[in-house]
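As a basis for the values below, the full set of heavy atoms in this structure was taken, side chains included, without hydrogen atoms, waters or symmetry mates. Since we're looking at a predicted model, the values are computed, not measured.
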Amino acid sequence: MRIISLVPSHTEILFALGLGQQIAGVTVHCDYPAQALSKPRMGTFADPDVAGIISTQPDLVLAGGTIHKSCTEELRRAGLRVFVFEPQTVGELFIGIEKLVQHTQAGKAGIQALDNLKSELQQIKEKALKHPRPKVVFVMGNRKLMTPGPASCQYDALQLAGASLMPFVEEISYVPIAWSDVSSYDPDIILSCGRSPEEPPRKRCPGCNLAFRPCDRDAASIMENPLLAQVPAVKARRVHTIPCHFLCRTGPRLLKGMKKLVALFNAD
């Protein structure tokens with residue numbers, strides 16, 4: 001089976017299932033694992049090379065949701081088999097991986113990899129339940145500040161890792177907020193897409209389409225915000241940045257990110 005992946009997280013899942021050899025193409029944003037870098041490029045995540053994909057004649061194309069709607073329709077009109085996969089919860093992520101195991105005929109190796117991921121998730125849930133739930137705000141964006149909403153996989157992952165998050169009435173993926181909203185919630189911990197203190201500024205996070213890169217933010221810039229001076233997270237210096245691939249990519253590394261969060265939430 002020859003497979004083309006149009007989503008970085010889908011590419012990571014394929015490699016985790018032992019299907020690296022079957023990958024016939026990826027986007028320029030598929031940068032993990034290292035073996036993905038040697039695969040033929042089929043455009044970008046936001047703008048796949050439809051003509052190139054059709055000419056490759058793969059057995060299966062893995063696409064995202066709304067962002068790939070027109071691309072998916074065109075590929076299907078060309079007679080290609082397309083699997084659309086955009087999980088909004090961790091549970092949906094695992095349902096999608098199970099379907100991928102079936103669609104790709106991953107066999108025993110794929111089933112074993114899936115079982116290992118399920119076991120890892122169960123351990124994360126059990127550890128999270130052993131501790132009090134801190135109030136957490138995860139900020140994204142720069143000039144336009146946002147936080148994950150209830151219809152996002154990040155929101156679900158944070159909750160499963162033990163966070164008590166800002167409540168929202170609307171079931172939307174990303175919610176515009178202001179720093180005053182963060183202050184009003186009075187969080188114990190503030191998280192942000194960003195870089196660690198020892199990292200140099202980066203021009204771009206692979207796959208990030210925001211004009212002002214959230215990955216360029218560091219914890220110090222948040223703690224210096226005068227609107228947050230009285231927030232418990234700032235007073236206790238519990239402001240942390242987390243690499244985008246540990247929370248924003250809905251693939252195997254999401255579990256690694258959740259493990260880090262459980263440890264972070266329950267650190268003294």
Side-chain angles (χ1 to χ4, degrees), residues 1-46 48-124 153 156-157 206-207 245 248-258:
M1 177 173 283
R2 300 170 71 251
I3 308 166
I4 287 178
S5 171
L6 305 182
V7 185
S9 56
H10 295 8
T11 301
E12 294 187 25
I13 291 170
L14 289 173
F15 276 101
L17 295 177
L19 296 166
Q21 292 297 320
Q22 282 92 317
I23 298 176
V26 298
T27 73
V28 297
H29 292 118
C30 297
D31 61 346
Y32 186 90
Q35 299 95 304
L37 299 173
S38 63
K39 298 294 182 180
R41 301 302 186 181
M42 300 290 168
T44 67
F45 168 60
D49 178 6
V50 176
I53 295 168
I54 293 173
S55 67
T56 304
Q57 286 296 295
D59 300 296
L60 180 66
V61 179
L62 307 185
T66 306
I67 194 170
H68 292 149
K69 187 175 185 295
S70 61
C71 167
T72 296
E73 291 172 351
E74 193 171 347
L75 293 174
R76 283 175 171 160
R77 284 197 297 269
L80 296 183
R81 184 177 168 216
V82 183
F83 176 55
V84 177
F85 175 35
E86 188 180 32
Q88 293 182 316
T89 66
V90 177
E92 287 182 6
L93 169 62
F94 276 83
I95 290 171
I97 296 176
E98 287 180 358
K99 289 181 178 178
L100 271 180
V101 170
Q102 298 168 7
H103 288 317
T104 60
Q105 302 171 8
K108 291 182 179 179
I111 294 171
Q112 183 60 58
L114 176 58
D115 288 343
N116 291 343
L117 291 173
K118 286 181 177 178
S119 176
E120 197 172 348
L121 177 61
Q122 185 59 36
Q123 291 174 22
I124 290 169
C153 200
D156 189 45
H245 58 258
C248 297
R249 285 195 182 184
T250 51
R253 286 194 291 175
L254 177 64
L255 297 182
K256 289 183 172 59
M258 291 172 69

J.: Counting only N and O atoms by type, is there a donor-acceptor contact under 3.5 Å from the side chain of Arg41 to the main-chain atoms of Asp49?
T.: no

J.: Counting C-beta onward and ignoring hydrogens, is there a side-chain heavy-atom pair between Glu12 and Pro252 closer than 4.5 Å?
T.: yes

J.: Work out which heavy atom in Gly65 is nearest to a heavy atom in Val84; give both atom names and the distance.
T.: CA-CG1, 4.1 Å

J.: Between the side chains of Glu120 and Asn116, does any donor sit under 3.5 Å from an acceptor?
T.: no

J.: Once you round to the nearest 0.5 Å, how far does CD1 of Ile23 lie from CG of Leu60?
T.: 11.0 Å

J.: Quick one: pull up CZ in Phe85 and OG1 in Thr250 and give me the separation to the nearest 0.5 Å.
T.: 6.0 Å

J.: Using every non-hydrogen atom in the two residues, find where Met1 and Thr104 come nearest and quote the distance to one decimal.
T.: SD-CA, 3.6 Å

J.: I'd like to know if the side chain of Glu92 and the backbone of Gln88 have a donor-acceptor N/O pair within less than 3.5 Å.
T.: yes

J.: Would a distance-only check, ignoring hydrogens and angles, find a side-chain to backbone donor-acceptor pair under 3.5 Å from His29 to Phe45?
T.: yes

J.: Would you please indicate yes or no on a ring centroid separation below 6.0 angstrom for Phe83 and His10?
T.: no

J.: To the closest 0.5 Å, what do you measure between NZ (Lys39) and CD1 (Ile3)?
T.: 10.0 Å

J.: Atom CD1 of Ile124 and atom NZ of Lys256: how far apart are they, to the nearest 0.5 Å?
T.: 9.5 Å

J.: Check the pair Glu98 / His103 against side chain to side chain contact (heavy atoms under 4.5 Å, CB included), numbers first and verdict last.
T.: CA-CA 9 Å; Glu98 287 180 358; His103 288 317; over 6 Å; no

J.: Is there side-chain contact between Cys153 and Thr89, with heavy atoms separated by less than 4.5 Å?
T.: no

J.: Output, in order, the C-alpha distance, side-chain angles, deciding distance and verdict of side chain to side chain contact (heavy atoms under 4.5 Å, CB included) for Leu80 and Ile54.
T.: CA-CA 8 Å; Leu80 296 183; Ile54 293 173; 4.2 Å; yes

J.: If I take atom CD from residue Gln102 and atom CD1 from residue Ile97, how far apart are they, to the nearest 0.5 angstrom?
T.: 12.5 Å

J.: Determine, for Glu74 against Lys69, whether the closest basic-nitrogen to carboxylate-oxygen distance falls under 4.0 angstrom.
T.: no

J.: Within this structure, what is the CE-CG distance for the pair Met258 and Leu254, rounded to the nearest 0.5 Å?
T.: 6.0 Å

J.: As a test of understanding, state which of Leu6, Leu100, Ile4 forms a side-chain contact (heavy atoms from CB on, under 4.5 Å) with Leu62.
T.: Leu100

J.: Regarding Lys108 and Asp115, does a basic nitrogen lie under 4.0 Å from an acidic carboxylate oxygen?
T.: no

J.: Could you report the tightest heavy-atom contact between Arg249 and Tyr32, atom names first, then the distance?
T.: NH1-CB, 4.3 Å

J.: Can you name the nearest heavy-atom pair linking Ser5 to Thr11, along with the distance?
T.: OG-OG1, 2.8 Å

J.: To check you understand the geometry: which heavy-atom pair defines the closest contact between Thr66 and Glu86, and what is its length?
T.: N-OE1, 3.8 Å

J.: If you count heavy atoms of other groups shown closer than 6.0 angstrom to CD of Gln35, is the number above 12?
T.: yes

J.: Do the side chain of Arg2 and the main chain of Thr56 share a donor and acceptor less than 3.5 angstrom apart?
T.: yes

J.: So which heavy atom on Val7 is nearest to which on Ala63, and how close?
T.: CG2-C, 3.8 Å

